[in-house]
Asker: 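Please find one structure pasted underneath; my questions will follow.
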Amino acid sequence: MANKLASRRDLLDRWRGIQMEEEDDDNDIADPSKRHLFHLRKEQWFADAYNFLICLPYESHFWCGFWDIMGPLLETFYNYFKDDRHDSPLRCLWKRMSDEMKHCLQCICQHHQAQDMYNMEYEYSSIGPLLDVLHKLDNQRVTLHLIDINTKLAGEEYNPACDNAEVVSVLYEVLMFPVLLDYQPLFNEFELFVEAIDCKHELALSGHQQFPGVYALLFCKRSVRSVGYRLAESMGKLRRAADLEPLQPLLKKFIGCLESDALPLASDTSTPRAQLDRVSLWIGIKSLLSFLEPPTFEEGILEQYPFFVDIVLNHISGDSLEFSHAVNCLRLLFEMLGCKLWLRSTLSPSVMRNTLLGQCFHTRNEKIHKDIFGLFQPFLQACMHNSYFLKDIYSLAGVGVGSLSVGIIYDFDPMIQSLEALQDGEHEKQRRHFLYFLLHQVPVSSNFSILTRKLANQIALLVVLRGYRMNPPCPPFECSHMWGPALVSSLKDSSLHNSLRQPAFDLIQTIIVSDAAALVNSVLSCCTNPNTESSLANNVTELDNKRDDICFQAIPNCAEKDGNCSWTQFSAQARISYQEFREWMCIPMLWVDVLVDISPSVLPISFSQSVFWARSRFPMIELDNSSETVLPVRSCLSSYAAEISSSFGWKVPTGSDDGGDGKKSENSVEVFSMSSPLIRTFNRSYD
């Protein structure tokens with residue numbers, strides 16, 4: 001006689017009793033009779049639970065309606081492949097579950113959450129075999145579902161009205177649980193599926209839910225990767241390392257492949273794992289990094305794979321197909337980590353610099369040269385002088401530089417370690433090496449094309465320009481003889497394309513404005529200029545209160561139609577160097593070569609505006625000697641600027657160490673001690 005079906009409440013009460021007995025049996029587990037009776041009760045519960053579920057009407061889903069019964073019943077699937085009968089209870093149960101998950105998102109979620117619960121609550125040594133079976137079943141289930149949909153799409157049998165629920169379900173499952181993509185047949189079918197569905201519907205995401213599998217699409221072929229880009233941009237950057245957790249199994253495999261320099265052999269031939277070519281791996285990693293916030297990258301990538309930075313650097317030293325992608329990854333590392341990069345790498349800045357420069361001499365490939373040149377600026381940013389950042393950190397912590405409190409500084413400790421890992425002057429040292437390489441080694445080496453040499457000159461001037469525009473500023477005064485002649489040459493070379501010449505225009509304007517601001521503040525602060533001392537002595541206090549008005553006064557109606565007023569930009573730049581006058585240096589040879597020898601007509605109008613801006617500062621503090629204005633410029637400079645005569649005439653660079661160890665270039669002159677002859681030199685050069 002058939003047994004009466006157990007009720008849901010009865011099943012749940014019995015299962016709670018089984019769980020309590022299982023916990024109690026931990027202390028009395030050695031009794032064979034008790035163990036035997038316990039297993040009998042548990043097996044009977046499994047049988048009753050199966051009968052209860054399999055007899056439910058088809059509109060009642062196992063997972064979304066009866067997850068509290070289906071969850072424990074998953075344990076029986078350990079024996080799924082041990083019973084080859086097509087109509088075995090487990091196969092019948094799995095078939096119905098599979099059909100339900102084709103249409104129901106909640107069933108999909110409950111199914112995967114149950115597996116996660118097993119993984120968290122039990123030791124993998126005991127639960128691992130069961131999870132392996134379930135993962136294998138899921139791989140096969142989703143793959144067959146994708147094959148069915150792809151067949152309809154290929155045969156023009158796809159009906160959006162009827163098949164939409166299935167399309168949404170399978171797309172949702174793979175994007176929410178991207179570990180499925182580690183199964184090669186599923187990976188292949190999903191690529192075809194995304195490509196075909198996007199052509200019909202143009203895939204888009206609704207709501208604010210995160211779909212981690214979207215970022216896995218970045219590792220697929222080009223057409224699918226473009227879909228991944230679009231969807232990832234709609235979700236925005238990942239802000240928490242926890243958001244990367246669903247991707248970690250794939251990332252562990254992919255990064256491991258890059259580390260070993262070879263694709264892994266499948267250890268289990270019955271479960272073919274996804275195999276990607278190395279270029280796809282690099283493109284995927286590079287693309288993923290662009291969608292990570294720095295904290296997410298540090299916690300989700302670097303803490304999980306501390307060797308990642310070295311993997312990237314190792315691929316910079318070769319000229320393989322992946323080189324450009326590794327370069328792009330390194331650029332992102334510089335931008336996201338900054339000075340923290342040196343804590344994550346076994347290489348010092350000098351070793352990394354030599355690696356980059358050595359690769360330039362190793363190849364004649366123009367693209368490789370261009371890629372490496374593009375790394376120089378972010379590289380220097382990561383080498384920024386640590387004292388600036390340390391002062392900011394100590395200020396935030398509310399303590400002085402010399403009075404560290406472990407408790408207060410604890411949260412800043414990683415940053416402090418990375419900053420102190422850099423020696424003082426590291427940024428300036430690396431910058432000198434790059435400038436010497438770009439301006440004095442590239443031009444004389446047959447390894448570099450004409451275009452590459454012009455690009456090297458452009459990059460070098462951009463490096464110098466950035467030093468002037470930083471706040472606080474850090475111009476390369478100590479090696480002005482390295483880059484000054486290149487700047488003058490670029491200004492004179494009208495054959496250069498505008499894009500290659502523009503950095504020279506921007507740099508000379510920035511130098512003129514910055515020099516003028518530093519000179520003005522130096523004179524107003526010291527009031528020692530012999531030509532102005534008598535006229536200003538009685539008004540020192542008044543001038544001191546109006547320094548800003550003198551240096552940053554605006555010209556009425558200066559606003560331009562496009563809203564980009566050069567005068568306003570000059571004043572903003574002047575404020576950067578204004579407070580740094582005690583450390584500021586001028587390069588008078590630049591003034592002479594540019595203001596005397598180059599006609600303003602061949603330079604942009606903004607250049608003349610910058611000179612006018614600077615010149616208009618000086619009459620308030622410096623009186624011209626009319627008797628000197630009648631002499632030729634270079635002759636009069638030697639007569640009344642003898643104090644700085646040693647700075648005239650460009651010195652010849654002797655190597656990348658020029659300017660190191662505190663040795664300043666002879667072409668650079670200190671503003672604080674030589675403001676008067678410097679102002680006279682500038683005024684006379686302009687005349």
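These numbers come from a predicted model, not from an experiment.
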Asker: For a quick check under 3.5 Å, do Q115 and D138 share a side-chain donor-acceptor pair by atom type?
Answerer: yes

Asker: Rounded to the nearest 0.5 Å, how far apart are CE of M97 and CG of L74?
Answerer: 5.5 Å

Asker: Does a side chain donor of either H315 or R278 reach within less than 3.5 Å of an acceptor in the other side chain?
Answerer: yes

Asker: Below 30° counts as parallel, above 60° as perpendicular, anything between as tilted: where do the rings of F334 and W342 land?
Answerer: tilted

Asker: Any chance the rings of F187 and F190 have centres within less than 6.0 Å?
Answerer: no

Asker: Counting only pairs under 3.5 Å, give me each side-chain donor-acceptor contact of residues 53-69, with atom names and distances, residues two or more places apart or in other chains.
Answerer:
| residue | atom | partner | partner atom | Å |
| --- | --- | --- | --- | --- |
| W63 | NE1 | H111 | ND1 | 3.2 |
| D68 | OD1 | R8 | NH2 | 3.1 |
| D68 | OD2 | R8 | NH2 | 3.1 |

Asker: F77 and L90: which non-hydrogen atoms are nearest, and at how many Å?
Answerer: CE2-O, 4.0 Å

Asker: Between K42 and I18, what is the shortest heavy-atom contact and its length?
Answerer: CA-CD1, 4.0 Å

Asker: Taking only distance into account, with no hydrogens and no angle test, what donor-acceptor pairs under 3.5 Å do side-chain atoms of residues 144-154 form with protein atoms, sequence neighbours excluded?
Answerer:
| residue | atom | partner | partner atom | Å |
| --- | --- | --- | --- | --- |
| H145 | NE2 | E166 | OE1 | 2.9 |
| N150 | ND2 | L146 | O | 3.3 |
| N150 | ND2 | E189 | O | 3.0 |
| N150 | ND2 | E189 | OE1 | 2.8 |
| T151 | OG1 | I147 | O | 2.7 |
| K152 | NZ | D163 | OD1 | 3.3 |

Asker: Among all residues two or more places apart in sequence or in another chain, which pass the ring pair (Phe, Tyr, Trp, His ring centres under 6.0 Å) test with F297?
Answerer: none

Asker: Of the non-hydrogen atoms in L186 and N139, which two are nearest, and what is the gap between them?
Answerer: CD1-O, 3.8 Å

Asker: Among K370, E366, H497, which one satisfies side chain to side chain contact (heavy atoms under 4.5 Å, CB included) with L451?
Answerer: E366

Asker: Would you check if there is a donor-acceptor pair between the side chains of T452 and S449 at a distance under 3.5 Å?
Answerer: yes

Asker: Check the orientation of W15 and F46. Use parallel for under 30°, tilted for 30 to 60°, and perpendicular for over 60°.
Answerer: tilted

Asker: How about K136 and V133: do any of their side-chain heavy atoms sit closer than 4.5 Å?
Answerer: no

Asker: Using 30° and 60° as the class boundaries, would you call the ring planes of Y229 and F291 parallel, tilted or perpendicular?
Answerer: tilted

Asker: Using only atom types and a distance under 3.5 Å, with no angle test, would you say the side chain of N328 pairs donor to acceptor with the backbone of S324?
Answerer: yes

Asker: Nearest 0.5 Å please: distance from the CG atom of L105 over to the OG atom of S169.
Answerer: 4.5 Å

Asker: Students often mix this up, so state it plainly: with edges at 30° and 60°, are the rings of F376 and F373 parallel, tilted or perpendicular?
Answerer: tilted

Asker: Identify the two heavy atoms, one from R141 and one from S98, that lie closest to each other, and give their separation to 0.1 Å.
Answerer: CD-OG, 3.3 Å

Asker: Could you report the tightest heavy-atom contact between L73 and W45, atom names first, then the distance?
Answerer: N-CZ3, 4.4 Å

Asker: Could you measure the distance from the CD atom of Q210 to the CE atom of M235? Nearest 0.5 Å is fine.
Answerer: 5.0 Å

Asker: Regarding R240 and E299, does a basic nitrogen lie under 4.0 Å from an acidic carboxylate oxygen?
Answerer: no

Asker: Do side-chain atoms of S226 reach the backbone of S223 as a donor and acceptor pair under 3.5 angstrom?
Answerer: yes

Asker: Locate the shortest heavy-atom distance separating I316 from F323; write the atom from each residue and the value.
Answerer: O-CE1, 3.1 Å

